[in-house]
Amino acid sequence: MEKNWAFWLVYPLFLTILWPFSVIFVSFFTGQFRFFKGYLARVGAKLMGGKKVHVAIFASGAGSNARKIIEYFEKNDRIKVSLIVCNVPGAGVLDIAKEKGIPTLLINKTEFASTGYVTSLRNAEIHFIVLAGFLWKVPAVLVKAFAPGVENSKGIINIHPALLPKYGGKGMYGAHVHEAVIAAGEKQSGITIHWVNEHYDEGAIIFQAKCTVETSDTPITLAHKIHALEHAHFAPTIEGLLK
Ligand code: GAR
């Protein structure tokens, strides 16, 4: 039977629409669902001209910074917090992820040190990693895999509750930092947002903001001031980096 011009117009269109469904269908039976889902998402993003940046937040504790970042980007159609990575079962940040319907990845120290969970992060199509109160050292394998430009990665950043290069390094986290700042009689403290390299708190500084330290301040009152600075500046700084 001879096909007219309408057939040749509609038939390819029909195949194009049907094709993603058949790929997903076949992938179920070949155990390749995750792979093809990612593949289709990438093709779809290319075709639609979409360039969504998927962010993973790594956190070990309460997650107040994670919450601020998630809420800041909730209505952003280009930047999305797609994964919460946590190393502490029962940490508050996991409740926040649940409340917000964001997938989580609970990680184990040995595997983190050896693989950096690079495969899981690639499968989740993460482009950018934000450490928000994450207390393990980031292994070189992860730093390298997420260096800006490597497979669409945009880098890894960290927030530190002091004015680096002072009061950084191993063991310098949370209240320990504020205790050290007060014990040294500092008149100022603040926050530092910096790129992550293989060494604790040593990557290039992106942003700093300061607050005063009064003689009446305790580690608790100073922590409040620092959290206020973090909540005000972390998400906008991320937005600026991902422009
Ligand atoms: C934040 O103050 C962050 O700067 C600090 O942990 C806190 C986490 O608070 N990070 C470090 O000390 C890293 N060295 P949060 O869980 O409420 O976001």
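Both counts, for ligands and for their atoms, begin at 1 and track the order of listing.
Taking the six-membered ring for Trp and thresholds of 30 and 60 degrees, Phe112 and Phe134 have ring planes more than 60 degrees apart, a perpendicular arrangement.
Counting heavy atoms under 4.0 Å from ligand 1, residue Met172 touches it through the backbone alone.
Here the protein heavy atom with the shortest distance to atom 11 (C) of ligand 1 is Pro161 CD, 3.6 Å. With respect to atom 17 (O) of ligand 1, the closest heavy atom belonging to the protein is Ser64 OG, 2.6 Å. Of the protein's non-hydrogen atoms, Gly63 N, 2.8 Å is the one closest to atom 16 (O) of ligand 1. For atom 6 (O) of ligand 1, the nearest protein heavy atom (residue, atom name, distance) is Gly133 CA, 3.6 Å. Of all protein heavy atoms, the one lying nearest to atom 2 (O) of ligand 1 is Glu230 OE1, 2.9 Å. With hydrogens left out, the protein atom closest to atom 9 (O) of ligand 1 is His227 NE2, 3.1 Å, a heavy atom.
Counting only heavy atoms from C-beta outward, the side chains of Val55 and Ile126 never approach each other to under 4.5 Å.
Proximity of the aromatic rings of His54 and Phe128 is defined here by a centroid distance below 6.0 angstrom, and this criterion is not met.
Counting all heavy atoms, side chain and backbone alike, Val213 lies closest to Ser189 at CG2-N, 3.6 Å.
Remark: distances from the non-hydrogen atoms of Ile159 to ligand 1 include one below 4.0 Å.
Note: Glu239 CD to Ile69 CD1 = 12.0 Å, rounded to the nearest 0.5 Å.
Annotation: Asn158 places no N or O atom under 3.5 Å from an N or O atom of ligand 1; distance criterion only. Of the N or O atoms in Gly174, one or more lie within a sub-3.5 Å distance of an N or O in ligand 1. Note: no N/O pair closer than 3.5 Å links Asp201 and ligand 1 by distance alone.
Geometrically, Arg78 does not engage Phe73 in a cation-pi contact, judged by NZ or CZ lying under 6.0 Å from the ring centre and within 45° of the ring axis.
A donor atom on one side chain and an acceptor atom on the other are not found under 3.5 Å apart for Asn152 and His127. Side-chain contact check for Glu202 and Asn197: no donor-acceptor pair (N or O, by modelled atom type) lies under 3.5 Å.
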